[in-house]
Amino acid sequence: MVMLEHDVLVVGAGLAGMRAAIEAYRKGANVGIISKVHPVRSHSNAAQGGINASMGAEGTPDSWETHAFDAV
């Protein structure tokens, strides 16, 4: 078994975790990051589209179907 030692251990490789790791590293800490998924598969990356909704404003062709098509 290999035992690694770090000053700071960040759990999660989403935006908050990566930002915390960068700041700790800049302050001189030896940083380790652990994540259950690859960083590009984190929730922050997967949710980059933000929160959107189909408003269906009168006179527009907006619908949940066109919203889903645009999101995918």
Selection residues 9-24 - residue pairs positive for side chain to side chain donor-acceptor pair (under 3.5 Å), sequence neighbours left out: Arg19-Glu23
Residues clustering with Val11 (ILVMFWY side chains joined when closer than 4.5 Å, directly or via others): Leu9, Ile34
Results of side chain to side chain contact (heavy atoms under 4.5 Å, CB included) for Ala29 - residues two or more places apart only: Asp7, Val8, Ala24, Val31
Ile33 versus Ala13, closest heavy-atom pair with distance: CG2-CB, 4.2 Å
Heavy-atom closest pair, residues Gly17 and Val10: O-CG1, 3.4 Å
